[in-house]
Amino acid sequence: MSGSEPMMNQSLCTKFTFVAFSSLAELQPILFMVFLIVYMFTVGGNLLIICLIWVTPSLHTPMYFFLVNLSFLEMCYITNVVPQMLVHLLVENKTISVGGCAAQMYILAILGLTECCLLAAMAYDRFVAICYPLHYTLWMSPPVCLKLAAASWLTGMVVESTQITWIFTLPFCGTGRIEHFCDIMPVVKLACVDTSHNENVLFVFSMVFIMGPYLLILCSYVHILVTILRIPSAAGRRKAFSTCSSHVLVVSLFFGTALFTYLQPKTAHTPGTDKATALMFTVITPALNPVIYTLRNREVKEAFHRVTQKNPLRKTA
């Protein structure tokens with residue numbers, strides 16, 4: 001809020017109220033079932049991917065190591081938002097304390113930036129595998145993969161903890177109404193002071209830490225595309241493309257939504273578009289990731305068939 005009214009004349013906010021589905025009272029039971037099914041599918045699908053990779057030695061490679069990290073992250077991401085959303089669809093009091101809102105925003109922001117970095121690490125893995133296959137085992141050794149994953153999580157924690165802590169030093173006042181969940185811009189707008197400087201800094205943060213990994217991914221795939229086009233056989237080109245297709249789809253979903261959400265002009269934000277992008281970012285994208293990595297990934301599908309065929313219950317049926 002950039003109003004000039006003195007803060008002392010305004011009551012400070014001690015809680016926030018979610019209003020996204022308040023006008024859809026008759027649809028809330030249906031929405032509850034839809035979100036519950038999507039949540040269970042997302043957690044179950046990502047957990048299945050983690051278990052498949054864990055029990056399949058042929059999947060113990062750098063690409064699937066990063067996929068385990070990504071699947072775990074997606075489970076945490078949707079669990080941070082949807083269970084509370086389900087509760088609010090059933091009760092009249094759709095509020096959250098400022099402390100609870102801060103906790104939700106910490107988790108969302110940390111996981112969001114970590115996912116940016118993990119997707120960049122996965123792009124680097126594909127870059128090395130396709131452009132420098134003879135160096136792959138050296139450049140993507142287990143210690144290197146561990147360092148890349150640890151750096152992704154550490155970057156998310158350090159950068160976003162600093163940013164969110166700074167946001168919650170602001171005083172909040174007024175009605176405390178938030179559309180969907182505790183995301184950065186909707187909460188900053190509730191501050192009692194001029195936040196134009198804060199919003200400019202947040203925009204710079206978004207430019208650096210969203211566009212940075214995105215540009216690294218883009219550069220990796222430019223090199224990958226050039227290398228693939230030099231492969232003489234059509235079968236070889238198809239095989240090389242197939243190892244990247246799942247990652248490209250996930251990157252397109254994630255960064256497409258992130259860029260639209262955090263880098264669009266302030267005047268372009270409306271409750272309707274904010275609600276749609278919030279649902280896409282926190283519910284739809286995590287739900288689509290296990291679908292993409294199972295239906296479009298031959299190795300994961302083969303591992304699933306091998307595991308189910310070994311299942312004693314299946315044999316006795």
Side-chain angles (χ1 to χ4, degrees), residues 46 49-74 111 113-159 208-255 258 289-290 292-304 306:
N46 282 293
I49 289 175
I50 293 172
C51 293
L52 276 176
I53 294 171
W54 181 270
V55 302
T56 308
S58 63
L59 298 182
H60 294 175
T61 63
M63 181 173 70
Y64 292 106
F65 167 74
F66 290 121
L67 181 55
V68 166
N69 278 266
L70 186 63
S71 294
F72 173 73
L73 183 148
E74 297 290 14
L111 293 177
L113 180 53
T114 301
E115 184 163 357
C116 288
C117 297
L118 281 175
L119 290 173
M122 294 173 79
Y124 174 71
D125 169 73
R126 293 297 83 208
F127 164 73
V128 176
I130 293 173
C131 300
Y132 298 95
L134 298 180
H135 298 282
Y136 186 70
T137 54
L138 176 63
W139 291 2
M140 294 303 296
S141 63
V144 172
C145 293
L146 283 172
K147 288 176 183 177
L148 286 172
S152 298
W153 286 96
L154 188 61
T155 300
M157 291 177 186
V158 172
V159 172
V208 173
F209 292 105
I210 294 178
M211 290 303 296
Y214 178 74
L215 291 175
L216 288 174
I217 293 170
L218 197 60
C219 290
S220 297
Y221 274 105
V222 168
H223 284 87
I224 288 170
L225 182 61
V226 171
T227 302
I228 290 176
L229 292 177
R230 289 175 180 169
I231 297 175
S233 68
R237 289 194 295 271
R238 280 196 301 270
K239 183 178 180 181
F241 272 123
S242 68
T243 64
C244 304
S245 59
S246 297
H247 182 251
V248 169
L249 280 173
V250 171
V251 166
S252 301
L253 278 171
F254 178 81
F255 280 99
N289 283 356
I292 292 169
Y293 275 106
T294 51
L295 294 183
R296 295 190 59 86
N297 191 299
R298 179 178 55 82
E299 291 176 314
V300 173
K301 286 193 288 187
E302 289 176 354
F304 178 77
R306 285 196 299 270

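Start at 1 with the first residue, then count along the sequence. As the structure is a prediction and not an experimental result, all values here were calculated from the model.
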Determine, stepwise, if the pair Met140 / Leu148 fulfils side chain to side chain contact (heavy atoms under 4.5 Å, CB included).
CA-CA 10 Å; Met140 294 303 296; Leu148 286 172; 4.1 Å; yes
Going through the checks in order, is the side chain to side chain contact (heavy atoms under 4.5 Å, CB included) test met by His247 and Tyr293?
CA-CA 8 Å; His247 182 251; Tyr293 275 106; 4.0 Å; yes
Side chain to side chain contact (heavy atoms under 4.5 Å, CB included) between Tyr124 and Leu119, intermediate numbers included
CA-CA 9 Å; Tyr124 174 71; Leu119 290 173; over 6 Å; no
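The aromatic rings of Trp139 and Tyr132 sit tilted relative to each other, their planes meeting at an angle between 30° and 60°.
To the nearest 0.5 Å, the span separating CG on Leu118 from CG on Leu113 amounts to 10.0 Å. Atom-to-atom distance recorded for Glu299:CD and Ile53:CD1 is 10.0 Å, nearest 0.5 angstrom. In this structure, the separation between CD1 on Ile49 and OH on Tyr64 is 10.0 Å, given to the nearest 0.5 Å. Atom CD1 of Ile130 is separated from atom NE2 of His223 by 13.0 Å, given to the nearest 0.5 angstrom. Rounding to the nearest 0.5 Å gives a distance of 8.0 Å between OG of Ser152 and CG of Asn69. Between Phe254 atom CZ and Ile210 atom CD1 the span is 7.0 Å, to the nearest 0.5 Å.
Residues Ile292 and Leu253 form a side-chain contact, since some pair of their non-hydrogen atoms from C-beta on lies under 4.5 Å apart. For the pair Val68 and Trp54, the minimum side-chain heavy-atom distance is 4.5 Å or more. Contact annotation: the side chain of Phe127 never approaches that of Ile217 to less than 4.5 Å [non-hydrogen atoms, C-beta and beyond].
In Phe209, the CZ atom is crowded: over 12 heavy atoms of neighbouring residues, nucleotides or ligands sit closer than 6.0 Å. More than 12 heavy-atom neighbours from other residues, nucleotides or ligands sit within 6.0 angstrom of OH on Tyr136.
Here the shortest heavy-atom pairing between Asn289 and Glu115 reads ND2-OE2, 4.1 Å. Here the closest heavy-atom approach between residue Thr243 and residue Met63 is recorded as O-SD, 4.1 Å. Closest approach of Phe66 and Ala149 over heavy atoms only: CE2-N, 4.1 Å. Closest of all the heavy-atom pairs between Ile224 and Cys244 is CG2-SG, 4.2 Å. Closest of all the heavy-atom pairs between Cys131 and Pro133 is C-CD, 3.4 Å. The two residues Thr56 and Arg306 make their nearest non-hydrogen contact at CG2-NH2, 3.5 Å.
Of the listed residues (Pro62, Cys145, Ser220), just one forms a side chain to side chain contact (heavy atoms under 4.5 Å, CB included) with Asp125, and that residue is Pro62.
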